[in-house]
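Sequence lines set the chain letters: A, B, ... in the order given, protein chains first and strands last, and positions in each chain run from 1.
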2 protein chains.
Amino acid sequence: MLTASFYSFPFRFSGLNFQDLMVRLGAIDSPPKTPTILGFECAGEIEAVGEEVEGFKVGDRVVALPEFRAWSELVAVPTKYCYHIPEEMTYQDAAAIVMNYLVAYILIFDLVSLREGKSLLLHSVGGGVGQAIVQLVRTVPNVTIFGVCSKSKHEALAATGLIDHLIDRTDYVNEVRKITTEGVDIVMDCLCGEECNRGYGLLKPMGKYILYGSSNVVTGETKSFFSVARSWWQVDKVSPIKLFEENKSLAGFNLRHLLYQQDGSEYIRSTVDKIFGLWKDGKIKPVVDSAWALEDVAEAMQKMHDRKNIGKLVLDPSLEPKPKPATPAKSKSKKQASEDKGGKKDKDDDKKAGENGEEKKEEDGAAGEEAKTNGAAEGEAAAPAQVNGDDGGEKKEQAATNGEATESEKKESS
Amino acid sequence: MLTASFYSFPFRFSGLNFQDLMVRLGAIDSPPKTPTILGFECAGEIEAVGEEVEGFKVGDRVVALPEFRAWSELVAVPTKYCYHIPEEMTYQDAAAIVMNYLVAYILIFDLVSLREGKSLLLHSVGGGVGQAIVQLVRTVPNVTIFGVCSKSKHEALAATGLIDHLIDRTDYVNEVRKITTEGVDIVMDCLCGEECNRGYGLLKPMGKYILYGSSNVVTGETKSFFSVARSWWQVDKVSPIKLFEENKSLAGFNLRHLLYQQDGSEYIRSTVDKIFGLWKDGKIKPVVDSAWALEDVAEAMQKMHDRKNIGKLVLDPSLEPKPKPATPAKSKSKKQASEDKGGKKDKDDDKKAGENGEEKKEEDGAAGEEAKTNGAAEGEAAAPAQVNGDDGGEKKEQAATNGEATESEKKESS
């Protein structure tokens, strides 16, 4: 039974966020008790409403930002975290837009108030929020974007034509200095850890350093709960007087805290309205990396963990799970094959052998920049040796998923 | 002889700033070698230009922000720190506007990007920058101003009708909490020291704490060079991660550093243009507390030190020095009279006895809010016992200066 101010719906689409990875790793403050269901965003049609619900009724198309449990069969969400989807917007777009563009919009227009002529350094430019930031920045004239990401994404991102300077992440400070000895006006940092210390030094006078995540804690070597603390210890404390003397700003943004702990739901709702407005005006268009069946969520999460995506990863429960090879692939080493038998083998054996591999990529239906971006992302994903190199954990297949996503989208939109 | 890119002029008007007090106290980084001439801002007519000067010629009316030496007989200033005065603006207004409104404008529109519906806590609301901030804030609809200052200024400031809540400085945190348990969106702090720690706690989520001065180092008990360090030690360092978790921002602004050390002159020039534009549109009008003869600068500085001013203190070298009492005033205690003999007595004896005392206040010529404000400020200044209470240093007379200022202004404007 629903409590009074809740409504519920079966989700049609959901988005993956770094937050989900952090919950999985236990690298989040106030984590839920296990067993729990993950997920912070979903879109669907309302199936039932509580007695006191106002403004929402059965049949409404909504997107919601629940605190966990977005990947449930039925999602019960307080109305303050729900937003009506504009008429012409698909569920997939709604699920792909809301959280990423919320973060991007607030950073750019509320924390920074981006103006003409500024320059901006952006970490993880290929990620979902990174791509949202790039699009929103482009609504302001004459802003120079320094996009930091791994070399492997440069070609695909260059093709979008939206990023002025693509910088490799390994030595980005020197790379930026080579292009501009002056430094930049704004740094958008979703990595935290040591990057704070390095990036702060790149700021020009009147520069603003914006910290909006701590995704470094779930990548590279830092995978344990304790590594979170270790990563954060690396961040130098700053005296406000230093900021005063250097003419610099430091700002932090944490959507989860704002929404669930700090009662920011009205502010968030008004920002969602602005984002939907920009979408209606054709100013933004979500970049979807790929869509995944719910059964493949582990693989999707690993792709995000390995930073192989360009744009947003979404879950689409209407998708069939990807066929898995019945036998270890020929290219695998003995060691890998024997590891596979350890954990996921049984489950994998139940599924069909891979048959819709890389060939399908060419059928990607998305038009324009997204199509290019997706293609490249899949190209990366199709190199399992690189992707899985250091990972002894979950097994990952590299079938193309975009063809399926597009089909599903067509079905849904029709 | 002038170096190529300089020009010089005898200043007509100059403004006093907290910065001047800090220089006098040695409480400033990279202080000039003594002997030196003080002053960071002045307005006047160009008398000579260097060979390579472009854009300025002899006879131009300019206001300038030199690094020290603004109170010289002839001021030589690099053109990058000079701005043409709009045709209809008096020299006094130019000297009173430029620095204060520069700081105020940058804080409100560049660091904060003030929006409708926000609330703002403002320390030293009666000071020159405080009054400039209040006027600029009022160009944005529906902003709630919490103005902090000493109780003695409340009546005069309430009369302006521009400040929503006047708060006594002694216990402002509790006073603000009584009015709004939520806290405020913005804190503007020109005090530094412990206020940083206290004020940060008053911020709402998404709140911005702006540090634009350290005037606490020149007031109260803190008068030595070492007290600066002591005051600054009280400021807690902040982890960027704390800002991220709490959704808060910290920003610093130091005009002197920006202008003279960080090559911000182009940015400042464009901001001066905007301020002159607002002045032409009638949106801002400098609040001048009082004008002083150059010979009375010590007294003027003491008034600022004691925070007895409402609005800007300006120097007008065309003014006659105020007559000084030939003998210690009757009201003085034996102790004070004997102290007077110690330092400044000889100099004071050279001047005439006070003859235009408090009676003249009623003649203040300035119209509108300024007139009210000035009247009240002078009222305060006319209570020497209070003003000089703890001060064993310079002697202060409390003659009314506004009558003279107004006469001079008339003369100049005509």
Side-chain angles (χ1 to χ4, degrees), chain A residues 29 106 109-115 117 182 185 189-190 192-193 195-197 199-200 204-214 228-229 231-259 261-264 267-268 270, chain B residues 29 106 109-115 117 182 185 189-190 192-193 195-197 199-200 204-214 228-229 231-259 261-264 267-268 270:
Chain A
D29 55 313
I106 291 170
F109 296 114
D110 286 355
L111 290 190
V112 167
S113 300
L114 186 66
R115 304 277 165 84
E182 281 186 314
D185 294 302
D189 179 2
C190 60
C192 199
E195 305 317 320
C196 296
N197 312 338
Y200 180 87
K204 281 185 198 175
M206 297 300 291
K208 298 178 181 183
Y209 194 93
I210 313 288
L211 191 64
Y212 70 97
S214 48
V228 181
S231 170
W232 285 18
W233 281 334
Q234 293 169 347
V235 180
D236 291 337
K237 282 189 169 189
V238 175
S239 166
I241 290 159
K242 185 180 158 79
L243 300 173
F244 164 61
E245 294 192 323
E246 297 182 352
N247 284 309
K248 292 185 179 179
S249 301
L250 271 180
F253 180 62
N254 185 324
L255 178 62
R256 193 169 55 86
H257 287 192
L258 184 65
L259 206 48
Q261 295 166 23
Q262 299 171 346
D263 198 25
Y267 168 60
I268 295 298
S270 71
Chain B
D29 56 312
I106 290 170
F109 296 113
D110 286 354
L111 289 191
V112 167
S113 300
L114 185 66
R115 304 276 166 83
E182 281 186 313
D185 294 304
D189 179 3
C190 60
C192 200
E195 305 317 320
C196 296
N197 312 337
Y200 180 87
K204 283 185 197 175
M206 298 301 290
K208 296 178 181 183
Y209 194 94
I210 313 288
L211 191 65
Y212 70 98
S214 47
V228 182
S231 170
W232 285 17
W233 281 333
Q234 293 168 348
V235 181
D236 291 336
K237 282 190 169 187
V238 175
S239 166
I241 290 159
K242 185 179 158 81
L243 300 173
F244 164 61
E245 293 191 324
E246 297 182 352
N247 284 309
K248 291 185 179 178
S249 301
L250 271 179
F253 180 62
N254 186 324
L255 178 61
R256 193 168 55 87
H257 287 192
L258 184 65
L259 205 48
Q261 294 166 24
Q262 299 172 347
D263 198 25
Y267 167 61
I268 294 299
S270 71

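Closest non-hydrogen pair, Met206(A) versus Leu258(B), comes out as CG-CD1, 3.9 Å. Taking each heavy atom of Asn254(B) and Phe244(A) in turn, the nearest pair found is CB-O, 3.0 Å. For the pair Arg115(A) and Ser113(B), the tightest heavy-atom approach, listed with the atom from each and the gap, is NH2-OG, 3.4 Å. Of all non-hydrogen atoms in Asp236(B) and Pro240(A), the two that sit nearest each other are O-CD, 3.3 Å.
At a 4.5 Å heavy-atom cutoff, Lys204(A) makes no contact with chain B through either its backbone or its side chain. Both the backbone and the side chain of Asp110(A) come within contact range of chain B, judged by heavy atoms closer than 4.5 Å. Heavy atoms of Ile106(A) lying under 4.5 Å from chain B belong exclusively to its side chain. Looking at Tyr209(A), neither its backbone nor its side chain comes within 4.5 Å of chain B, counting heavy atoms on both sides.
Considering NZ of Lys242(B) and CG of Leu250(A), their distance stands at 13.5 Å, rounded to 0.5 Å. Separation of atoms CD1 (Ile241(A)) and NZ (Lys237(B)) is listed at 10.0 Å; rounding is to 0.5 Å.
Contact of the Glu245(B) side chain with the His257(A) side chain is registered, since non-hydrogen atoms from C-beta on lie closer than 4.5 Å.
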